[in-house]
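What follows is a single structure, written as structure tokens, with notes after it.
Ligands are counted one by one from 1 in listed order, and the atoms in each one are counted from 1 as well.
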Amino acid sequence: MLSKVSFLCGFLLVFGGCGSNNTRMPEVVDYPTCEPESVPPKVIESQSKLTSVQSNVPGDWLPPSRVEKKWTAIVIHHSATESGNAAIFDRMHREENHWDGVGYDFVIGNGTDSGNGQVEVTFRWREQVAGAHCGGTPGNWANIDAVGICLVGNFNCTAATAKQMQSLSKLVRFLQKRYGISTSRIYGHSSTPGARVTDCPGRNSPVAGLKQMLGS
Ligand SMILES: [Zn+2]
């Protein structure tokens, strides 16, 4: 059980160029020192207010109402790998980081190991549990209250595909409407308040382009 494990705030810096030998290196993430299971979920009291924004999105974007939290921010990541998908990152984070699974809530594919622009929903979103995508201090707010979205790709070398950006924009708009998240609360990993030093989501960060698409 997570709650019985004393987590150290391990921080793995992954330096790499754009060669083919770094394709399996995960992005820089670290585990929250908090105990996710001990954090009481901020259950939204009135689900009726949410029904108006549920149309035109995939059903698996809608978390079960019995566990739904009030998310307050969005953190954008790149995978720092040329390829990958949610299952691959899940295995990587379990085997190499000894976490309880992939750290993100959503993974958006680039056409390698999942579809170009395909949005995969992970167990963290389905179960509305704290993520492991933006670590640092004990009780890291971003892992607990921010939705973690990872775009597959090493954006130090390449940029998000047009289809990834379209999917990201649609997903972020959905999250903003559903939880009342302002565009100023959309961060790249490296610019997230409290985040440790990281270059994620890469030199070619998709965040500025995303905010242009959102009209702000
Ligand atoms: Zn990141």
Side-chain angles (χ1 to χ4, degrees), residues 7 9-18 22-34 36 71-94 96-110 112-114 119-125 129-137 140-161 164-165 167-168 171-172 175 181 185-211:
F7 288 111
C9 186
F11 185 66
L12 175 65
L13 275 174
V14 178
F15 294 101
C18 300
N22 70 331
T23 56
R24 290 194 64 255
M25 287 184 178
E27 70 130 329
V28 179
V29 286
D30 54 0
Y31 203 84
T33 51
C34 60
W71 301 90
T72 65
I74 297 167
V75 177
I76 310 296
H77 305 262
H78 72 155
S79 67
T81 59
E82 294 176 2
S83 60
N85 60 27
I88 289 171
F89 300 145
D90 187 82
R91 186 167 61 247
M92 187 183 295
H93 288 173
R94 288 177 190 274
E96 299 179 12
N97 299 68
H98 307 293
W99 299 346
D100 54 347
V102 60
Y104 315 108
D105 295 283
F106 297 93
V107 176
I108 302 179
N110 66 350
T112 54
D113 293 312
S114 61
V119 178
E120 293 184 282
V121 181
T122 80
F123 78 100
R124 302 218 183 247
W125 186 251
V129 294
H133 57 88
C134 194
T137 58
N140 181 285
W141 75 272
N143 281 324
I144 296 169
D145 291 332
V147 182
I149 303 173
C150 176
L151 280 66
V152 179
N154 182 347
F155 299 157
N156 282 322
C157 307
T158 62
T161 69
Q164 281 182 303
M165 292 302 295
S167 295
L168 176 64
L171 176 59
V172 167
L175 294 170
I181 300 171
R185 297 275 293 172
I186 301 171
Y187 304 106
H189 182 178
S190 60
S191 61
T192 304
R196 290 191 176 189
V197 176
T198 173
D199 66 4
C200 177
R203 285 191 290 272
N204 304 314
S205 168
V207 175
L210 169 66
K211 292 191 176 185

Could you confirm whether H77 has any N/O/S atom lying under 2.8 Å from the Zn ion (ligand 1)? yes
Got a donor-acceptor contact below 3.5 angstrom from the N143 side chain to the H133 backbone? yes
Of all N, O or S atoms in H189, which has the smallest distance to the Zn ion (ligand 1)? ND1
Just checking: H78, one of its N/O/S atoms, less than 2.8 Å away from the Zn ion (ligand 1), yes or no? no
Take the angle between the ring planes of H77 and Y104 and call it parallel below 30°, perpendicular above 60°, tilted in between. tilted
Quick one, T112 and E82 - any side-chain contact, counting heavy atoms below 4.5 Å? no
For the Zn ion (ligand 1), decide whether C200 has an N, O or S atom at a distance under 2.8 Å. yes
To the closest 0.5 Å, what do you measure between SG (C157) and CG (N204)? 8.5 Å
